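Everything below concerns the one structure shown next.
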Amino acid sequence: MNHSLPVQCFAKKNIPPVFTEKNNPRLLYVADIPPHASVHPRILHAHEDFVEIILIVSGQSEYLIHNRKQTIHAGDVLVYNAGVVHDEVSGPDREIGSFCVAVGGLHMPGLRENALLPDHAGYIFSTGRDFETIRAICSMMFRSLSAGEAMAEEFCHCLMHALLIKVLAVAEGCAVPPKQPDEPYALGYLVKDYIDQHYTEPITLQSIGDALHFSPYYLSHIFKEMSGYSPGQYLLRRRIGEAQTLLISTDLPVARIAEMVGYETHSYFNLQFTKHVGMPPRRFRENYVVPDHTAGRKKRQ
């Protein structure tokens with residue numbers, strides 16, 4: 001019996017490049033986060049100058065993304081444009097395995113700087129049959145960089161292009177019409193914006209109410225209904241999350257970081273950080289780097 005055995009595919013010619021001229025993305029870091037490591041979560045934070053792509057490999061949880069809690073599952077890819085506040089909620093009872101890839105220098109046509117997708121496109125996309133492909137790309141990137149392989153940066157730069165294009169294709173396949181803002185939560189959005197702009201300051205529920213000209217108790221009710229957090233809880237997680245970013249990305253002393261995110265005393269900052277992350281700030285900083293085999297030092301993920 002004769003069987004058809006296709007062994008060769010041709011690529012179309014003259015395909016316009018996706019990344020040209022000003023749109024020249026650069027890979028910043030890759031993280032491979034096993035489920036047990038997610039017991040110490042990355043709390044409420046935003047990245048102002050790069051896009052973060054998260055592939056959920058295992059587990060399920062509820063993440064606060066921008067202004068609403070949303071359920072994430074294994075097989076989802078999350079796209080956080082620059083400036084999108086997100087809270088990666090995990091813990092001993094809901095461990096999450098994931099890859100995280102950060103990309104800067106994006107200037108996609110018609111979009112703001114460091115936005116991979118339109119802001120109205122959403123944040124969570126099911127990868128479907130593309131899951132294994134995306135996981136393989138992320139795994140190769142992390143393995144090559146962490147092992148200090150020859151020409152690892154050049155290799156991973158090419159893989160980054162492949163990842164971005166595959167994520168764009170997945171997002172296009174999941175496209176949904178833009179959603180209109182929920183009118184009942186308009187006040188909740190104002191509260192969120194106010195805290196995001198003033199979280200380093202000594203604000204209280206009363207001061208938020210005074211600034212927005214609403215009863216503190218009413219705005220607290222609306223905000224918690226919208227986000228799942230009280231304004232005070234959101235403020236605390238916003239400060240801790242930004243402290244995590246500074247611990248990872250800078251060599252600033254812990255006491256200085258505590259001051260920068262709004263804490264008057266170093267000891268109280270240590271207490272709150274340890275309570276919500278599961279380890280002290282210095283240990284968190286030490287655990288968030290991998291050895292740089294090529295230079296005999298440590299490098300940040």
Side-chain angles (χ1 to χ4, degrees), residues 15-31 42-55 63-68 70 76-88 98-125 134 137-138 141 145 153-154 156-181 189-190 192-200 238 241-250 252 260-261 299-301:
I15 298 297
V18 177
F19 306 108
T20 60
E21 300 176 354
K22 189 179 179 181
N23 189 20
N24 186 24
R26 62 186 184 279
L27 179 65
L28 302 180
Y29 61 75
V30 183
R42 279 290 274 124
I43 291 176
L44 207 58
H45 64 290
H47 307 290
E48 298 303 328
D49 53 359
F50 59 84
V51 174
E52 202 171 46
I53 297 170
I54 311 288
L55 178 67
Y63 283 10
L64 177 65
I65 305 175
H66 183 42
N67 54 28
R68 191 71 57 81
Q70 302 187 54
D76 288 339
V77 65
L78 283 52
V79 179
Y80 300 136
N81 288 340
V84 173
V85 178
H86 50 285
D87 197 14
E88 296 163 7
S98 63
F99 282 100
C100 174
V101 179
V103 178
L106 273 170
H107 294 82
M108 300 295 288
L111 302 183
R112 61 185 177 87
E113 185 176 359
N114 285 315
L116 179 63
L117 301 170
D119 288 317
H120 61 69
Y123 311 98
I124 304 173
F125 307 93
I134 296 175
I137 293 172
C138 294
M141 292 168 75
L145 287 171
E153 283 76 12
E154 293 82 355
C156 290
H157 180 78
C158 295
L159 288 176
M160 173 200 66
H161 280 198
L163 174 66
L164 292 174
I165 291 170
K166 181 57 73 173
V167 170
L168 285 170
V170 166
E172 183 176 325
C174 300
V176 295
K179 290 184 178 180
Q180 296 300 318
Y189 302 152
L190 292 177
K192 176 189 176 298
D193 290 344
Y194 185 87
I195 297 175
D196 287 340
Q197 294 170 22
H198 299 277
Y199 68 88
T200 62
R238 192 75 167 91
E242 291 302 325
Q244 287 180 302
T245 298
L246 292 169
L247 287 165
I248 295 165
S249 60
T250 76
L252 290 168
M260 289 173 66
V261 299
K299 62 182 179 181
R300 305 196 185 283
Q301 289 183 349

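For the numbers below, each heavy atom of this structure counts, side chains included, while hydrogens, waters and symmetry mates do not. Values in this document were obtained by computation on a predicted structure and should not be read as measured data.
- Here the closest heavy-atom approach between residue Glu52 and residue Cys100 is recorded as OE2-SG, 3.2 Å.
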For residues 161-168, please give each side-chain donor-acceptor pair under 3.5 Å, one per line with the distance, not counting sequence neighbours.
residue: Lys166; atom: NZ; partner: Asp130; partner atom: OD1; Å: 3.4

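- Note: Ile54 CD1 to Cys138 SG = 9.5 Å, rounded to the nearest 0.5 Å.
- With rounding to the nearest 0.5 Å, the separation of CD1 in Ile137 from CG in Leu55 is 10.0 Å.
- With contacts defined as side-chain heavy-atom distances shorter than 4.5 Å, the pair Leu106/Phe19 qualifies.
- Formation of a donor-acceptor pair under 3.5 Å by the Gln70 side chain with backbone atoms of Ile124 is not found in this model.
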Quiz item: Should Val103 and Phe50 be marked as a side chain to side chain contact (heavy atoms under 4.5 Å, CB included) after you check the CA-CA gap, both sets of side-chain angles, and the distance that decides it?
Solution: CA-CA 5 Å; Val103 178; Phe50 59 84; 5.9 Å; no
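- Of all heavy-atom pairs between Ala243 and Val261, the closest is N-CG1, 3.8 Å.
- With hydrogens and angles left out, the side-chain atoms of His45 and Glu242 include no donor and acceptor closer than 3.5 Å.
- Proximity of His86 to Leu44: side-chain heavy atoms (C-beta onward) are nowhere separated by under 4.5 Å.
- In this structure, the separation between OG1 on Thr200 and CE on Met260 is 9.5 Å, given to the nearest 0.5 Å.
- In this structure, CG on Leu117 lies 7.5 Å from CG on Leu111, to the nearest 0.5 angstrom.
- Remark: the Glu21 side chain and the His107 side chain contain no N/O donor-acceptor pair separated by less than 3.5 Å.
- With hydrogens and angles disregarded, no donor-acceptor distance shorter than 3.5 Å links the side chain of His198 to the backbone of Asp196.
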Exercise. Carefully, step by step, assess Tyr194 and Tyr189 under the rule ring pair (Phe, Tyr, Trp, His ring centres under 6.0 Å).
Key: CA-CA 9 Å; Tyr194 185 87; Tyr189 302 152; over 10 Å; no
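- By the 4.5 Å heavy-atom criterion applied to side chains, Asn114 and Asn81 are not counted as neighbours.
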Self-check item: Asp119/Arg112 under salt bridge (charged side-chain N to carboxylate O under 4.0 Å, His left out): CA gap, chis, key distance, verdict
Solution: CA-CA 9 Å; Asp119 288 317; Arg112 61 185 177 87; 2.8 Å; yes
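- Residues Ala171 and Phe125 share a closest heavy-atom pair of CA-CD2, 3.8 Å.
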Quiz item: What do the steps show when you test Met141 against Val101 for side chain to side chain contact (heavy atoms under 4.5 Å, CB included), and what is the final call?
Solution: CA-CA 9 Å; Met141 292 168 75; Val101 179; 4.1 Å; yes
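- The minimum heavy-atom distance linking Asn23 with Pro109 is given by the pair ND2-CD, 4.4 Å.
- The distance between the ring centers of Tyr80 and Tyr63 does not fall below 6.0 angstrom.
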Quiz prompt | Derivation of the side chain to side chain contact (heavy atoms under 4.5 Å, CB included) call for Thr245 and Arg42 | solution = CA-CA 9 Å; Thr245 298; Arg42 279 290 274 124; 2.8 Å; yes
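- Note that the CZ atom of Arg238 and the CG atom of Asp87 stand 10.0 Å from one another [nearest 0.5 Å].
- Atom CG of residue Leu247 and atom CG of residue Leu252 lie 9.0 Å apart, to the nearest 0.5 angstrom.
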